[in-house]
Amino acid sequence: MSYISKPVARHPGQKKNSLGLTARDYEGGMSTLCAGCGHDSITAALIQAFFELEVPPHRVAKLSGIGCSSKTPAYFLSASHGLNSVHGRMPSIATGANAACSDLTYVGISGDGDSLSIGLGQFAHAMRRNLNMLYIIENNGVYGLTKGQFSASADIGSKSKRGVPNRFEPIDPVLTAIAMGGSFVARSFSGDKQQLVPLIKAGMAHKGFALLDIISPCVTFNDHDGSTKSYKYTRDNFTEVTHADFVPPAQEITIKYDQGSVQPVTLHDGSRIYLRKIAEDYDPSDRSSASAYIQSHQEKGEVVTGLLYMNSDAPDMHATNQTVATPLRDQDYSVLCPGADALKALQHGYR
Amino acid sequence: MSYISKPVARHPGQKKNSLGLTARDYEGGMSTLCAGCGHDSITAALIQAFFELEVPPHRVAKLSGIGCSSKTPAYFLSASHGLNSVHGRMPSIATGANAACSDLTYVGISGDGDSLSIGLGQFAHAMRRNLNMLYIIENNGVYGLTKGQFSASADIGSKSKRGVPNRFEPIDPVLTAIAMGGSFVARSFSGDKQQLVPLIKAGMAHKGFALLDIISPCVTFNDHDGSTKSYKYTRDNFTEVTHADFVPPAQEITIKYDQGSVQPVTLHDGSRIYLRKIAEDYDPSDRSSASAYIQSHQEKGEVVTGLLYMNSDAPDMHATNQTVATPLRDQDYSVLCPGADALKALQHGYR
Amino acid sequence: MKQPAISKQAANNQMGLQLNDFVIKLANVNGTGSASANGLLSKTIFRMGVPISAKNFFPSNIQGLPTWYEVRVSKDGYQARSGRVDVMVAMNAETYADDVAEVSAGGYLLYDSSWPMNKELLRDDVTFLGIPLAKHCAAEFDSARVRILMKNVMYVGALVALLDLDIAVVEGLLEEQFAAKPKLVPLNMRAVKMGYDYAMEHFNCPLPVRVARMDVTHNQIMMDGNTAAGLGCMYAGATVGAWYPITPSTSLMDAFDGFCQRFRQDPETGEKHYCVIQAEDELSAIGMVIGASWNGARAFTPTSGPGISLMSEFIGFAYFTELPAVLFDVQRVGPSTGMPTRTQQGDVMMCAYASHGDTKHVCLYPADPEECFYLSVKAFDLAEQLQTPVFVLSDLDIGMNEWQCPELQWDDAYQPNRGKVLDAEALDKIERFYRYMDIDGDGICARSLPGVHPKGAFFTRGSGHNKYGAYTEDPDQYQEVLDRLTRKFKTAASVVPEAVIHQQNGVTDAVIAYGSSDCAVREALDRLKEQGMHLNYLRIRAFPFGEEVEAFINAHQGVFVVEQNRDAQMVSLLTLETGVDKNKLVPLLHYGGFPLYAEFVVNQVSAHLNKRKNA
Amino acid sequence: MKQPAISKQAANNQMGLQLNDFVIKLANVNGTGSASANGLLSKTIFRMGVPISAKNFFPSNIQGLPTWYEVRVSKDGYQARSGRVDVMVAMNAETYADDVAEVSAGGYLLYDSSWPMNKELLRDDVTFLGIPLAKHCAAEFDSARVRILMKNVMYVGALVALLDLDIAVVEGLLEEQFAAKPKLVPLNMRAVKMGYDYAMEHFNCPLPVRVARMDVTHNQIMMDGNTAAGLGCMYAGATVGAWYPITPSTSLMDAFDGFCQRFRQDPETGEKHYCVIQAEDELSAIGMVIGASWNGARAFTPTSGPGISLMSEFIGFAYFTELPAVLFDVQRVGPSTGMPTRTQQGDVMMCAYASHGDTKHVCLYPADPEECFYLSVKAFDLAEQLQTPVFVLSDLDIGMNEWQCPELQWDDAYQPNRGKVLDAEALDKIERFYRYMDIDGDGICARSLPGVHPKGAFFTRGSGHNKYGAYTEDPDQYQEVLDRLTRKFKTAASVVPEAVIHQQNGVTDAVIAYGSSDCAVREALDRLKEQGMHLNYLRIRAFPFGEEVEAFINAHQGVFVVEQNRDAQMVSLLTLETGVDKNKLVPLLHYGGFPLYAEFVVNQVSAHLNKRKNA
Ligand SMILES: Cc1ncc(C[n+]2csc(CCOP(=O)(O)OP(=O)(O)O)c2C)c(N)n1
Ligand SMILES: Cc1ncc(C[n+]2csc(CCOP(=O)(O)OP(=O)(O)O)c2C)c(N)n1
Ligand code: SF4
Ligand code: SF4
Ligand SMILES: [Mg+2]
Ligand SMILES: [Mg+2]
């Protein structure tokens, strides 16, 4: 008995990208999550983003921890290497993987439990190192897989299914990321593909740690009245402060922007983000004011979304380490081993 | 061979407090830290604060992790119970200890390595729970006990003894605490007893998590030119934004304050803090603006000190849990065990 | 050569009467509400005074994957799986083929005949009973959700007819279940009746496989081990529970919390006489337990294998500082994440020796929910008496399945054994308090609690310390403490629960088992006896082993050790920690993740014995 | 009846000539710069062609506590501590009494006579040599810091005279040491001369305890094991090192980093062909290693006991997903924080079985720094060949003390054994890639690296998986993988380094040891032989054990197993993992935290053998 079914054709259209691949080639195994789970919408957005970005699937490494959310990597890009690690420890796996090979695309999928409780330390320190990866938190305010306990992202007053309100201060992934040195910090909603897909693309193109916190309702344990992570609550309180459009390298800009409100940001790979401010008084390039803005608006119950902070100049882990361009795992052994003569010579110092 | 010597008389004067104890009764074993280590000045400040607060030593529980800093509890209050736990895990010990017995005074001593690397998760979550304790970080920017590696609080550009600059984003205890729901957040300097002693007292009186981040230079590994945690750098860039005076319960206010600039805060035990703003535009009661202020000033190299944020209304862990007033460990067994009849009755539900 | 399988006659023809001795298995889809319908079925039989055992096989997900519920009706009261399936209720299209294949020859398969059946999967030796559940429910009920739920209730109704269950018992159960929402009772009864009537009309009811009232369950309850353990923690007087959710241990803390809410929370003020803390991870959970124990509360943490791995550093700390701690390891299949919803006994070695350096830990091995209750209480007594971590090694099978067991008893004269704790009065009297002085020679020293008396003040440390409690790096002083810990562990062997021994003189072979293997082993021994093979039996309840364990092994020629792990971990412990000849110990290992069943033991033992006879 | 102890004559009277065979111990205060003066002393002897061994005994702090340095001069090249002290340099007032007491009868004690000495501590059987170090240095040097440092150098000068060392060698060493600051050479030489002159003038130099040039160290180096292991990691081609600082393993990563800076960083561009990551803790460090290994780099982490405890969960993950990882456990005294600056072999069992569920791990046990180098390289080969974590269990004694050992050799023909990794070409050819198929029957499957070829794509998981690599909760499929892992471990036994055996026919008793115990055991065997007791010797170098281990034990009547832990952990492993009779194994346990010395073994073995003879 094996219950893994083949990928289901969710994209009957056969549109191909420049690699000759269809969207179906970016799909994965059939989801085993609950029908309606926000996580599955994120999967769909990821598939679309990868397809449109025209990434060769096998050049992507998908990483995760443990949780319903952490199962996501099994549901997209079945032609990629994936690693489902242990609970809360995906960031360290990503760090090591990236250290070994700098030229793959790393996407990590985690949950609010996985990243903010057991994994908080690793999450924070991966950001400190400005590890080059897209890190998605599928944030539902609960532990789905263990059946609905509050997670650290549950808001004060948000009610459990049995009606008991959470009383502990939430740990907000976005504020944490800004405080810990994340160089690309965004929030979105699983129900808003429009906003989500360009953010995924931009996060992937960003050279450094891109955090994408996605409110992703748990229909089974946290989608009721009184929950502040339900579909309804999120829709009602969704506040977009910036809108980011993503334009891949060397693509003609077709959309016309009203100059004043739009800020183009060119990334390392030549792609551009066109950042449109929706909240006038919001400045996504200023850490302290951005975080004060988000904090005060969230205190009012708003779900502040968009590309919230970005610094495309911060050196990533390899830049800080001064690692050579050719991935370490591909270095020829002759480059790594100084050989017998050198060994003989260096031992003079031990006499 | 045992190298623990008796406490050395550091306070030859025999002034007694209302319990009939002298400052010497608040001392501990002889320090085994390096001569000039900032941590020892903090020990001295703690001794003075406890003496002046007239706390019965055996009603204090001293807790720590591992590191030079974490040895501190051995050097004050030898008449208290202490527990030197494992590296980075003091917050969980404190949480359990406090859960068992709410009516002791808890003081935890940690280091920047102990709290911000291995212990970051526990540190953050103890704050989320607003655990009632005074939590001191003796912050020197390095791992002293393992001989001088950079810690996560090392500033970008701060140089190691060999002249290599740190390139990773620092994790700032104060900003982290404000973000994670710490209800009392202060910073001071081991070299400024004047500021330190009242902050220790206030933190002890505060009912909830009181974080006191103390810059405490490591003379052996991080006190050189180029270090931003040296005595010299800290003195030169010390910026006090508030000054807190502490007045114990029922004590006459003798100091006269200029009304406008001083804000009195009454704590749960009746003691008061007189908070004097030194930076006009600083508001220690507003989380988001306080943290933006600190962040932007620190980016300019200032070491922002004082009582930086305070919310004396936040419920502590026991209030949230609705724990009875009598400590759990002192509950009579008859209160805890429902007895044979109840067991019989409840089993009807399992038929 | 297919016959028309769904005939009224067929049902009665295939084999003789199987009264109160059969297995019914229900194949469902996770999250479709089948659990409550299936519970209704098993409880009905139980309330008819007939012994049952019920096991859930569920996937590591929340909704949409296959799940099975297996009810064994056993007039002899055997609790293990039987290994056969007499009646299969095949409600999951995805596993239909496997489910058909699993039915024992001569058995029955109930399926939803709303759609045409797959004739290819028919079997000659199985009676197929089709009921158009979906069709009827679609006609009868409005909302989609109700239709799905009532389909389940409807097959229960059919089984009432087929198995000759008492419909009044079903109704009574529904009334209790929906006491708060009485409107749901007639709704459910409608579905029951639909199934009942359909079966009565179309099949020759009851089947030869059927239930008849007995009167042997009136002193029995149906409880899962996590509930029993949670209850035990409350009765033991535990006040601090710290945990991080992990399958299959989560329901233990849920149970403790629930019972405490009922018995220890003031209904007026809401004040609680307990504190449950959902920690940020297992490293923190065990830290909280140790902190609370240090401060004199009874404290515990429930977890599973990965949690114990994470707690390893702190476990060594508690061992060396000699602080009580109670850890429940509700074992699941390892290594690593393994199979979180399957059962195993794979953490035996880890728990016995967890942490770096020289460490040994007290472990208890409850065999069933009843013992989960009693050994939970015992665990706290031992942890405080011995001042050391105590592990209770249960497993998913015990922890998450409802087992039938005798009503739990409580002696109101019980008082917690707090061990050697000096109170204020005692401290006042002594000259000076030294934490690690072995005054009684049993390796156990007196401790003091923070804040109780100035003379008790003491600095607890995981670093080297001497018998006075002072820091030391001196070899002799350090070694003196470490050697005393060895002595203490000897004392432990004399105070932990003794092994349970069933033996007859003159029997040369024996079986050793522990934990959830017990029920299958006892059944197997009965069956072996029927086959003329007499074996004695010892069930280990604790580590370190009492003298009786070594004596028992020495008294036998060959000893089979039944375990649910790959590496014969209990054999390892016995080899290392007793003086027995390891060659005597023959491991019988069952570790695929489903609970052990008697036949496995019977087959293995008889194969070995026959081989020896023929050798 | 005290004699005037400080006489010119006394020095020569007490005992006969002890040429190149004595111990000099120096008692200092931590952080006073004594380390470099003491190193000067030992290196001088070493450069005179005379074998030495040097050990540091230091406290777990940074400054101000007692610390000792012990140099054994041994013409026979024995590396273990000798157990005696012939010359004590007592520079620490706090430990003076203990230091006086420790001198062997007939020995010498050099002290600072700037202050009046404590006559009560005089001993008849020890010659006291007073030198007014502080007084002279105060007169001679200006700054306080220089005075403190030069006091140390001055006693070295005195020892040059007393021990008949070659002052030119001292000068040569100083010139090398201060190549960058040549002004410091004359300063230091001034202090050397001060000591030398004083000694020549006041004592009968040289003492009978003295050094004479030999020529047996020219192919030898002085290196600590962490340096050697760090060097080995570089030579093995490791590119990713992740770690969290912990005594006594820290210097291993420092060494790797230092060597890589020298050999793998472009001096112009600064570009590095390696990446060392200081992790936030050990849980993260091992995660990084696993992540890097998964991606095809050779990666490692050095740590000590508490780190391994914290890594336990991830270790099980690597075992079950079959990813290479190299872990260095530089053991210190446990349990818990224990004594971080003392040595032990207390993590043997933990490393062999770390993590929950059924797990077993490959372990290597280097005996000295030389072997740290070679076994580091081997560890990477084995980890990749076997696709599993490999532990290198060194200890503080090996890791942090400089041992004299033969110059390290390198074969330029060496190529890393990357194990069964399918490259793009191989993947292109195969129909379909299945990760856990045991094609060769050795339990080792082929793996693929991310990004190399679309056909290699594969999802690694710590949850249940079948041989195809797909998720499973099926008992048989799960069990098939688990059983193959057992097979793989059997393969491991045939590829790990063999035990080193010294044996003679006809000898019935034997000793087994491993790791840092080797040197003391070899010396003990020599001495036992001198006393007429012949024993064979096997040194274990790896777990799982090769067949030779079992055969060796079976071939002997009694086998002493020498270990540096309380619980006879290697005896446990031998008992569990070989077929030998455990009663044959007699553990000799030394675990106070100081390195083992020959006399301990000699005494224990001869006591046992005599008892047997007399029984
Ligand atoms: C060490 C460890 N502890 C606990 C668990 C159990 N566990 C599995 S998933 C999970 C929480 C998942 O929550 P989250 O990350 O928010 O994911 P979600 O299911 O909500 O998407 C927990 C506690 C585990 N697998 N490992
Ligand atoms: C699990 C574990 N890992 C590593 C260590 C080694 N260690 C001891 S103290 C320390 C760092 C201490 O740094 P900090 O907390 O800043 O204290 P400081 O010495 O600087 O005061 C480390 C890494 C340990 N004791 N335990
Ligand atoms: S339980 Fe919640 S998070 Fe998990 S799959 Fe279902 S809806 Fe999604
Ligand atoms: S090493 Fe640094 S932190 Fe440690 S005692 Fe010395 S000065 Fe203080
Ligand atoms: Mg979640
Ligand atoms: Mg520090």
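Lettering of chains follows the sequences in order, A, B, ..., and the numbering in each one begins at 1.
- Note that the CD atom of Glu280(C) and the CZ atom of Arg128(B) stand 8.5 Å from one another [nearest 0.5 Å].
- Of the two parts of Tyr414(C), the backbone and the side chain both hold a non-hydrogen atom closer than 4.5 Å to a non-hydrogen atom of chain B.
- For the pair Leu63(B)/Trp294(C), a side-chain contact is recorded, criterion being any heavy-atom separation below 4.5 Å from C-beta on.
- Residue Met90(B) does not touch chain C at all, counting heavy-atom pairs closer than 4.5 Å.
- A distance of 10.0 Å separates CZ of Arg461(C) from CG of Leu83(B), quoted to the nearest 0.5 Å.
- Leu104(B) touches chain C through its side chain: at least one heavy atom from C-beta onward sits under 4.5 Å away, while N, CA, C and O do not.
- Residues of residues 337-351 of chain B that come within less than 4.5 angstrom of chain C, heavy atom to heavy atom, are Cys337(B), Pro338(B), Gly339(B), Ala340(B), Ala342(B), Leu343(B), Lys344(B), Leu346(B), Gln347(B), Gly349(B), Tyr350(B), Arg351(B) in numerical order.
- Note that the OG1 atom of Thr323(B) and the CD atom of Glu271(C) stand 9.0 Å from one another [nearest 0.5 Å].
- Considering only heavy-atom pairs separated by less than 4.5 Å from chain B, the leading option among Pro450(C), Ala292(C), Gly456(C), Gly462(C) is Pro450(C).
- Listed by chain and residue number, nothing satisfies the ring-ring contact (aromatic ring centres under 6.0 Å, His included) test with Phe46(C) (two or more places apart in sequence, or in another chain).
- Sorted by first and then second residue, the ring pair (Phe, Tyr, Trp, His ring centres under 6.0 Å) pairs with a member in residues 97-127 of chain B read Phe123(B)-Tyr135(B); sequence neighbours excluded.
- Counting heavy atoms from C-beta outward, Ser92(B) and Leu283(C) have side chains that stay 4.5 Å or more apart.
- For Pro73(B), the parts sitting under 4.5 Å from any heavy atom of chain C are the backbone and the side chain alike.
- Rounded to the nearest 0.5 angstrom, Gln122(B) CD and Asp281(C) CG are separated by 6.5 Å.
- Annotation: maximal heavy-atom pairing with chain B below 4.5 Å, among Val240(C), Leu173(C), Thr227(C), Leu408(C), occurs at Leu408(C).
- Applying the side-chain hydrogen bond (donor to acceptor under 3.5 Å, both in side chains) rule to Ser151(B) yields the partners Asp112(B), Ser153(B); only residues at least two apart in sequence or on another chain are considered.
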